[in-house]
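Here's the structure we're looking at; comments come further down.
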Amino acid sequence: MKILPDYEHMEYRDVYTCLLHRYRHILGLWQPDIGPYGGLLNVVVDGLFIIGWMYLPPHDPHVDEPMRLKPLFRIHLMERKAATVECMYGHKGPHNGHIQIVKKDEFSTKCNQTDYHRMSGGRQEEFRTWLREEWGRTLEDIFHEHMQELILMKFIYTSQYDNCLTYRRIYHPPCSSEDLLQAGLFKGTYGSHGLEIIMLSFHGTSAKGTKLTGDPNVPAGQQTMDVDLTRRVQLPDLERLRNFEVLSRIILEIQEQVHREQQQDELGEVDGVRQDMRNPPKLEAASEEEEGESAEGESGGSATGQPFELPMGVMARNEEYPRTCKMCFYGTGLIAGHGFTSPERTPGVFILFDEDRFGFIWLELKSFSLYSRIRDTFQNAEAPSREAFDDMLKSMQSWTT
């Protein structure tokens with residue numbers, strides 16, 4: 001494609017004035033307003049282009065594979081002193097689009113030629129093409145009827161936008177050397193909903209996972225997990241860990257302890273009393289050898305980690321999870337009915353495997369989610385302050401409720 005017909009006489013001032021300066025406010029990370037589904041858009045400068053890349057998770061359940069990038073729009077100079085916005089949606093090449101900066105930290109895109117998005121085979125061909133791109137398979141390959149319904153629902157809902165979307169700015173979570181692992185963006189398994197993107201951030205003694213992409217049960221913007229970093233979980237040996245009831249009793253005892261402390265807070269109990277209750281009770285007295293291992297774990301864990309295996313009956317989309325873990329913590333996960341009805345925080349276990357992978361066992365669902373770090377580098381994504389990041393998290397929860 002010819003860029004700048006009068007390329008030899010191009011003024012760099014034109015590039016700066018008409019392209020870089022004019023559209024500087026849309027660089028960085030954004031979440032599209034697509035109902036419960038959300039998404040992750042990264043707007044970058046690439047040569048003489050500004051491109052909006054939608055980041056899509058790898059095909060379910062291959063959580064360790066790299067993200068898939070899809071261009072949604074691009075801006076460039078087709079002639080001097082005039083920037084051209086093009087919609088990249090569909091399979092017929094770039095076509096006329098429009099970008100409007102609505103207000104600070106918000107902009108919208110509009111396609112002016114939506115006929116470019118249509119296919120000769122009609123909606124059925126569009127659905128089959130979308131399914132191959134989104135899931136890497138055909139509908140016939142998906143035998144679970146409920147999963148088929150969820151997939152068809154997502155196609156119908158998302159395709160109606162025709163790339164005419166509103167985007168709200170989001171920030172990459174701030175990092176600290178004191179954090180359990182580096183904060184960042186992760187892709188994780190969510191049962192029949194497939195892979196979703198979450199943001200892991202640290203807030204003193206807690207770690208929070210916020211959905212950037214979501215589903216009809218728990219939409220984007222909601223806090224999918226909340227991990228209490230003061231409540232270490234000492235897993236039993238592998239033989240007993242395979243018994244779900246053993247793990248369940250350990251976690252439910254911690255939950256009871258949390259509830260007791262909350263009641264004490266409401267009654268105005270002295271904080272110093274609560275501090276003595278931070279270590280969760282064991283099911284049975286530990287041997288001297290076990291106490292030695294526990295002490296080693298409290299000081300950061302061994303170099304090789306602790307053997308790990310999912311209890312029998314816990315469902316996992318991806319069976320290729322690590323078989324050793326560094327440490328575990330009590331946490332709660334958000335579950336809800338269709339349409340985000342009756343949301344409830346339920347107990348679970350956060351399992352740290354390594355710097356780039358962690359898991360969460362949803363006790364009530366008897367389900368396991370495996371998360372893997374998104375390794376892409378994002379520019380223009382740093383929050384101006386910690387307060388700005390925290391305010392963004394609060395705002396995200398209201399975007400989709």
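Sequential numbering from 1 along the given sequence is applied to the chain's residues.
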Taking [Y]'s backbone N and O only, do any of them form a donor-acceptor pair with [X]'s side chain (distance below 3.5 Å, no angle check)?
| X | Y | result |
| --- | --- | --- |
| N217 | A336 | yes |
| T158 | K154 | yes |
| T213 | I197 | yes |
| R231 | L229 | no |
| N163 | L72 | yes |
| Q113 | N96 | yes |
| Q223 | T210 | no |
| R345 | T332 | yes |

Quick one: are [X] and [Y] in side-chain contact, heavy atoms under 4.5 Å?
| X | Y | value |
| --- | --- | --- |
| M396 | L212 | yes |
| M199 | F389 | yes |
| D46 | R74 | no |

How long is the gap from [atom1] on [X] to [atom2] on [Y], to the nearest 0.5 Å?
| X | Y | atom1 | atom2 | result |
| --- | --- | --- | --- | --- |
| L352 | L181 | CG | CG | 5.5 Å |
| M54 | Y89 | CE | OH | 9.5 Å |
| N112 | H95 | CG | NE2 | 9.0 Å |
| T138 | R132 | OG1 | CZ | 9.0 Å |

Worksheet entry | Pair H203-R386, side-chain donor/acceptor within less than 3.5 Å |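 Checked: H203/R386 side chains pair up, N/O donor to acceptor below 3.5 Å.
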Worksheet entry | Parallel, tilted or perpendicular: ring planes of Y157 versus Y161, cut at 30 and 60 degrees |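 Plane angle between 30° and 60°, so tilted.
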Fill in: Mutual orientation of the aromatic rings belonging to W130 and F155 [parallel < 30°, tilted 30-60°, perpendicular > 60°]
tilted
Practice prompt. Might you point out which heavy atoms bring C111 and C164 nearest each other, and give the distance in Å?
Written response: N-SG, 3.5 Å
Worksheet item: Where is the tightest heavy-atom contact between P94 and M88, given as atom of each residue plus distance?
Response: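 Of all heavy-atom pairs spanning P94 and M88, the closest is CB-SD, 3.6 Å.
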Fill in: Single hit among R123, H117, E126 for side-chain hydrogen bond (donor to acceptor under 3.5 Å, both in side chains) with S159
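With S159 as partner, R123, H117, E126 yield a single side-chain hydrogen bond (donor to acceptor under 3.5 Å, both in side chains), made by R123.
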Worksheet item: For the residue pair F358 and F350, is the inter-centroid distance of their aromatic rings smaller than 6.0 Å?
Response: yes
Worksheet entry | From CA spacing to verdict: salt bridge (Lys or Arg N to Asp or Glu O under 4.0 Å), R118, D115 | CA-CA 5 Å; R118 308 283 79 84; D115 55 304; over 6 Å; no
Worksheet item: Is the cationic atom of R232 (NZ for Lys, CZ for Arg) positioned less than 6.0 Å from the six-membered ring centroid of F329 and within 45 degrees of its normal?
Response: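 Verdict for F329: a cation-pi partner in R232.
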Item to complete: Please confirm whether R373 makes a cation-pi placement over Y371, using NZ or CZ under 6.0 Å from the six-membered ring centre and within 45° of the ring normal.
Response: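 Not satisfied by the 6.0 Å and 45° rule.
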Fill in: Of all pairs that satisfy side chain to side chain donor-acceptor pair (under 3.5 Å), the ones with a partner from residues 51-73, not counting sequence neighbours
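Side chain to side chain donor-acceptor pair (under 3.5 Å) check on residues 51-73 returns D60-R317, D64-S372.
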Discussion item. I need the full list of side chain to side chain donor-acceptor pair (under 3.5 Å) pairs touching residues 166-189, with sequence neighbours left out, sorted by first then second residue.
Written reply: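 Applying side chain to side chain donor-acceptor pair (under 3.5 Å) to every pair that reaches into residues 166-189, excluding sequence neighbours, yields D105-R169.
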